[in-house]
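Have a look at the structure below before the remarks.
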Number of protein chains: 4
Amino acid sequence: MTPVEAEKAPAASTAADRRAARAEARREEILDAAQRIFAVKGYHEAGIADIATELGIGHGTFYRYFANKQDIAAQVLERAIMQIAAALADEDPTASSTVDEYREQTRRIMFSMFELLDARPEAFNLLHVQSLAIDVEALHTSFEAYSGYTEKFLENGVEKGFLRQDMDVEITAQALVGLIFEGTRRAIAEDAARETWTRWIEAGVALMFDGVSG
Amino acid sequence: MTPVEAEKAPAASTAADRRAARAEARREEILDAAQRIFAVKGYHEAGIADIATELGIGHGTFYRYFANKQDIAAQVLERAIMQIAAALADEDPTASSTVDEYREQTRRIMFSMFELLDARPEAFNLLHVQSLAIDVEALHTSFEAYSGYTEKFLENGVEKGFLRQDMDVEITAQALVGLIFEGTRRAIAEDAARETWTRWIEAGVALMFDGVSG
Amino acid sequence: MTPVEAEKAPAASTAADRRAARAEARREEILDAAQRIFAVKGYHEAGIADIATELGIGHGTFYRYFANKQDIAAQVLERAIMQIAAALADEDPTASSTVDEYREQTRRIMFSMFELLDARPEAFNLLHVQSLAIDVEALHTSFEAYSGYTEKFLENGVEKGFLRQDMDVEITAQALVGLIFEGTRRAIAEDAARETWTRWIEAGVALMFDGVSG
Amino acid sequence: MTPVEAEKAPAASTAADRRAARAEARREEILDAAQRIFAVKGYHEAGIADIATELGIGHGTFYRYFANKQDIAAQVLERAIMQIAAALADEDPTASSTVDEYREQTRRIMFSMFELLDARPEAFNLLHVQSLAIDVEALHTSFEAYSGYTEKFLENGVEKGFLRQDMDVEITAQALVGLIFEGTRRAIAEDAARETWTRWIEAGVALMFDGVSG
DNA sequence: AATGAATGAGTCTTCATTCAT
DNA sequence: AATGAATGAAGACTCATTCAT
């Protein structure tokens, strides 16, 4: 390789890289705009034109990055599900060894859910309100993933003996997911204050660990 | 009043009554058809034409009974919510005096939910899948009603001393509604077998009354 | 049947008939307009909007009568092919018994083609210019039909002995169709005068019956 | 002119020549690709993108060589017409002195048409199927050229006395062109076997020289 | 000279709603 | 009271063409 070639090669590669990076950035921009638009207007009421206008780009540009409306919607939804999943991923399902540790872990998980809800309300709006219009299957799959993850925590507790031994781990995990999501659903619907979070976390943890019995 | 009038008046009134009854019956027919269609095709995919065709009536006739698509959808949804509410109404929130009685009552309530789900899957489909497309507000209102009703059961237990005294009754009721609806949501989505119901009822009751702690 | 029913029944049937007749008339109107538009602007340049505007009806009305653009185009083309075929159908393939009779018959056929071309130039424009854009297959099928029909005349002549005995009837028929259609093609393209028709008919008949040899 | 300039000038001119040659070669490549694409997909269905992709060049590059889609289509069509014309140009319109010589000449011409059709089916597809979408006028002009050329052969025969003296040379030439093109049209449409060629040539020549009379 | 990202005019098609019969 | 023909707003999507790099 001559010095000239040595200089050219990286340059060319950088140019191509830059282009790819730009394209990816633009794709991300459109995805963001779409998430906003879908969250505000809803999947069906939102038009491709709305997304394009939001970004000040032409309609056609949109179609350079996404095949069609359904395509971007699915990607937006998937991203929202991933963002939420990421908030849960910090916790290790096998970390707790006592009820109190697990109780504390649960508090943290619920808290990060509410934090995320504050930071990215659109992500939850997508999940709660738009997902059905976009792809019913995707919603179900994501709930499956969340409950599967929750199951691991419960299994850990049962194995280590600090949770009820006769627990139907699978169903209980599903029920707990329902419980948590109802919390976030209401928080969005009612535009809940931070104080309400605390009540949900405390009441939720109390219900989950102690039940309603006196 | 002449004898002639005396005869006519009741006759006329009966004719009007019959007409009104007929109209009401037709309205109900259309509502039924719409519920089926919405449940099968979804709110947005379903057209007025589908409903009219299902009944063998003209499109125009539809508009003699309902103002527009949104109108009938709202009524269909409201009806579905009422049908589900009716299944709960059999139980008296103040009936239980011991934990075991309430536990039994809760079992019955959950069981009737699953029975209703078997009898009227469209009602639940409407609630779970279509409601968001039709009227987000209505869904929230209905959840509000369900949780308000559940609250009464909890309050009764707290007052009578057989439920946890420090319970956040409002939030706990909301959480329990979320839990139950997740159960029905999954039952519909997965077309669950009767056996799964039992697991849900048992695991749900266990979680609710005893919590997960060992 | 009571007298009342007797009166009603026909009346009802007439009302339905009238509606069907109106629909058919409208369908025909749209078909006519489409033929004009397609002939003037060409299949691809013509829009549904052009057809609707031509008739002063809404775009949507068009779709009550035809499934889509391709649908009406196919029907327009089929109609044009039928109109041209009708002009030929007057002649009986087995009528001639001598060369002179057949020669006269051929003259008449060619003449009616030119007459039709004068009366319905759009029909020929459709066939010659638009057909390929609409449905290549349809054009080929129609040529097949025309040459099949021509074949019958030639067979008749060969059987009766007044036409060349060693003739390849099939191919010759195809060639003659090509010859005639080139005549009409040019007549349209050049907006030919009536005098040109006569030259085509005479030269065509001479070529067909006597060939070019001296 | 300094010696240096003397050396540079020719070098520059050669470089420019090479560049021009390269440009011409590229132009030809694009033209070839376009001919293939138009023949396969049709003028309207084919996109500039298809042509660019076929060659692995950018869309923009296309526009350095052709003004627009219509432009290249016209050139492709013109080239096809020229290619077909070239196949005819081998024959001298004044070469024949007897009917038999002309008959033989005609056979050769028809044969070379079928040979060309075998070698360059796209050229004929362009002419028969795409030309109308591209430029109706061009098609007519080319037919004009073909018939003008045919006319020369006929005139030669009439002058030399071996063809019918009362022939309408102009119209007859046009009719013969129609006859031949119908042959090639069918050959393409039906993907005709080589055997069919012979039948067309024989039947065509027989019809042309002897007519159908017995 | 080559590229390909950006553009937006243009088109078909759907469907809720109205209204004359 | 019932009908269904007519309507046109609305929206997704394509593709020839331009132009900055």
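A, B, ... follow the sequence lines: proteins, then strands. Residue 1 opens every chain.
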message = For chain B and DNA chain F, what are the first and last nucleotides along the strand, 5' to 3', with at least one atom under 4.0 angstrom from a heavy atom of the protein chain?
response = F:dA1 to F:dG4

key: Secondary structure string for DNA chain E (Watson-Crick or G-U under 3.5 angstrom, | for other-strand pairs)   = .||||||||||||||||||||

query = Does a side-chain heavy-atom distance below 4.5 Å link A:F66 with A:L31?
reply = yes

query = Just checking C:F66: base, sugar-phosphate only, or nothing, at a heavy-atom cut-off of under 4.0 Å?
reply = nothing

ask   = Within a strict 4.5 Å, meaning less than it, do heavy atoms of the A:L127 and A:S142 side chains meet?
value = yes

task = Take B:F38 and B:I72, measure what side-chain contact (heavy atoms from CB on, under 4.5 Å) needs, and give me the verdict at the end.
result = CA-CA 10 Å; B:F38 283 143; B:I72 195 174; 4.2 Å; yes

Would you list the atom pairs, donor with acceptor, under 3.5 Å between side chains in residues 51-61 of chain D and any protein atom, with sequence neighbours excluded?
from	atom 1	to	atom 2	distance (Å)
D:T53	OG1	D:A49	O	2.7
D:E54	OE2	D:R36	NE	2.8
D:E54	OE2	D:R36	NH2	3.2

task = May I ask you to check whether over 12 heavy atoms, not counting those of D:E137, lie within 6.0 Å of atom CD?
result = no

inquiry  = Between C:L77 and C:Q130, is there a side-chain heavy-atom distance shorter than 4.5 Å?
reply    = no

task = For D:A138 and D:I81, work out which heavy atoms get closest and say how close.
result = O-CD1, 4.0 Å

request  = Give me the residues of residues 51-62 of chain A where at least one heavy atom lies under 4.0 Å from an atom of DNA chain E, by number, or none.
outcome  = A:I57, A:G58, A:H59, A:G60, A:T61

query = In residues 24-47 of chain B, which ones come under 4.0 Å of DNA chain E, going by heavy atoms?
reply = B:A46, B:G47

key: Side-chain heavy-atom pair A:Y43, A:Q70 within 4.5 angstrom cut-off   = yes

ask   = In terms of side-chain geometry, is the basic nitrogen of A:R79 or A:E122 positioned less than 4.0 Å from the acidic oxygen of its partner?
value = no

ask   = Hey, does D:Q75 have a side-chain heavy atom less than 4.5 Å from the side chain of D:D71?
value = yes

query = Where is the tightest heavy-atom contact between B:A123 and B:Q35, given as atom of each residue plus distance?
reply = CA-NE2, 4.0 Å

key: side-chain contact (heavy atoms from CB on, under 4.5 Å) partners for D:I48, two or more places apart   = D:F62, D:Y63, D:K69

query = Taking 4.0 angstrom as the limit, do D:R22 and D:E29 come out as a salt bridge?
reply = no

query = Base, sugar-phosphate, or nothing: which does C:R19 touch, judged by heavy atoms less than 4.0 Å apart?
reply = sugar-phosphate

